[in-house]
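Accompanying notes for the structure given below.
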Amino acid sequence: MDSGTLKRSGRITRRGPTLLRSMLVEVAWMVYMRNPWARAFVQRISRGIASRKKIAIVALARKLLVRLWAMLRDGTSWRDATVRGSPPEDTGPVTALSSVAVAIG
């Protein structure tokens with residue numbers, strides 16, 4: 001198949017741990033409410049249509065999961081990219097994922 005000819009039409013699967021999926025979506029809602037980058041991402045994905053907001057929140061949850069996994073893999077901390085192209089600011093020492101879970105819950 002040539003590049004760019006793949007058409008994806010399907011639903012988000014319900015595979016994997018249910019608790020992890022639901023926690024990721026809850027975190028995505030919290031990030032959406034408090035982070036301008038996440039709000040802009042959800043607005044862009046949902047295209048301003050209220051019925052697509054939940055779909056955009058699930059997409060944000062997946063994006064957060066990918067970024068968190070990369071942070072754990074590389075041993076880096078969260079860098080809030082408020083302005084595109086600007087250098088990320090140092091957010092301090094790397095915190096363990098367990099302390100993030102405690103702060104959320």
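Being a predicted model, the structure only gives us computed values, none of them experimental.
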Legend entry - Separation of Arg44 CZ from Leu60 CG (nearest 0.5 Å): 10.5 Å
Legend entry - Spacing of CZ belonging to Arg39 relative to CE belonging to Met33, to within rounding of 0.5 Å: 7.5 Å
Inset, instruction - Scan residues 52-62 for pairs that pass side-chain hydrogen bond (donor to acceptor under 3.5 Å, both in side chains), counting only residues two or more places apart or in two chains. - result: Tyr32-Lys53
Legend entry - Under 4.5 Å side-chain linkage, directly or through intermediates, the cluster mates of Leu20: Leu24, Leu65
Inset, instruction - Please round to the nearest 0.5 Å and tell me the distance separating atom CD1 of Ile57 and atom CE of Met30. - result: 12.5 Å
Legend entry - Any side-chain heavy-atom pair of Val42 and Trp29 under 4.5 Å: no
Inset, instruction - Look at the side-chain heavy atoms of Ile, Leu, Val, Met, Phe, Trp and Tyr, link any pair under 4.5 Å apart, and say whether Val27 and Val66 land in one connected group. - result: no
